[in-house]
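As structure tokens, the structure follows; a few thoughts come after it.
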Amino acid sequence: MPQIIPIKDLKNTSEISEKCHSLDEPMFITKNGYGDMVIMSIEAYEKMAYMNDIYGKIKQGEKAIDDNRVMTAKQSVDTLRSKYEI
């Protein structure tokens, strides 16, 4: 469940840091009752960035399949052998 805190609670930085590390997910900061910022630990950010990269590569692969830009393993090996003359 997402953690939502008002901006005035950011005064206690040590407590906020501990919460960010223990939750391993973003914390949403509100200002005047509306969403304003998101904070998270570096570890959570790196994990999220890594997963976004993986999802992007999967999407590229699916698009290549849809566009018929794929080859069989034998075609791939033959291409590499021809390119490197082996």
Side-chain angles (χ1 to χ4, degrees):
M1 179 159 207
Q3 182 81 23
I4 301 170
I5 62 172
I7 199 164
K8 66 181 175 114
D9 288 357
L10 290 180
K11 292 176 184 173
N12 192 345
T13 56
S14 294
E15 183 180 319
I16 298 295
S17 176
E18 288 176 21
K19 280 184 182 179
C20 282
H21 287 280
S22 68
L23 291 174
D24 197 35
E25 64 180 16
M27 290 179 64
F28 298 90
I29 311 301
T30 61
K31 182 177 181 181
N32 299 324
Y34 295 97
D36 187 49
M37 295 185 290
V38 176
I39 59 172
M40 64 178 72
S41 68
I42 290 174
E43 294 84 6
Y45 174 79
E46 288 174 344
K47 180 179 175 183
M48 184 183 70
Y50 176 75
M51 293 306 295
N52 283 340
D53 184 49
I54 289 175
Y55 292 140
K57 289 176 180 176
I58 290 171
K59 189 173 182 177
Q60 285 178 341
E62 289 174 341
K63 182 162 177 24
I65 291 169
D66 291 343
D67 295 346
N68 202 27
R69 292 183 293 120
V70 294
M71 60 177 76
T72 67
K74 182 175 180 356
Q75 290 170 324
S76 180
V77 169
D78 290 346
T79 300
L80 289 172
R81 285 185 175 152
S82 173
K83 180 178 180 178
Y84 295 105
E85 300 174 355
I86 54 174

Can you establish whether the number of heavy atoms outside Ile54 located under 6.0 Å from its atom CD1 is more than 12?
-> yes
Heavy-atom neighbours of Asp66 CG exceed 12 at 6.0 Å | yes
Any chain of hydrophobic side-chain contacts (each under 4.5 Å) joining Tyr84 to Val77?
-> no
ILVMFWY network linking Tyr50 to Tyr55, side-chain heavy atoms under 4.5 angstrom | yes
[X] [atom1] to [Y] [atom2] distance, which is reported to the nearest 0.5 Å:
{"X": "Asp36", "Y": "Phe28", "atom1": "CG", "atom2": "CZ", "result": "12.5 Å"}
{"X": "Lys57", "Y": "Asn52", "atom1": "NZ", "atom2": "CG", "result": "12.0 Å"}
{"X": "Thr13", "Y": "Ile39", "atom1": "OG1", "atom2": "CD1", "result": "10.0 Å"}
{"X": "Lys63", "Y": "Lys59", "atom1": "NZ", "atom2": "NZ", "result": "9.5 Å"}
{"X": "Leu80", "Y": "Ser82", "atom1": "CG", "atom2": "OG", "result": "9.5 Å"}

Could you pull out the closest heavy-atom pair between [X] and [Y], with the gap in Å?
{"X": "Glu25", "Y": "Met40", "answer": "O-CB, 4.3 Å"}
{"X": "Pro6", "Y": "Thr30", "answer": "CA-OG1, 3.4 Å"}
{"X": "Ile16", "Y": "Met27", "answer": "O-SD, 4.2 Å"}
{"X": "Gln3", "Y": "Ile5", "answer": "NE2-CG2, 3.9 Å"}

Quick one: salt bridge (charged side-chain N to carboxylate O under 4.0 Å, His left out) pairs with a partner in residues 77-86, sequence neighbours left out?
-> Lys74-Asp78
Please confirm whether the backbone N or O of Glu18 pairs with a side-chain atom of Ser22, one donor and one acceptor, at under 3.5 Å?
-> yes
Yes or no on side chain to side chain contact (heavy atoms under 4.5 Å, CB included) for Ile7 and Met37, after CA distance, side-chain angles and deciding distance?
-> CA-CA 9 Å; Ile7 199 164; Met37 295 185 290; 3.8 Å; yes
Does the distance from a Lys or Arg side-chain N to an Asp or Glu carboxylate O, for Lys47 and Glu43, drop under 4.0 Å?
-> no
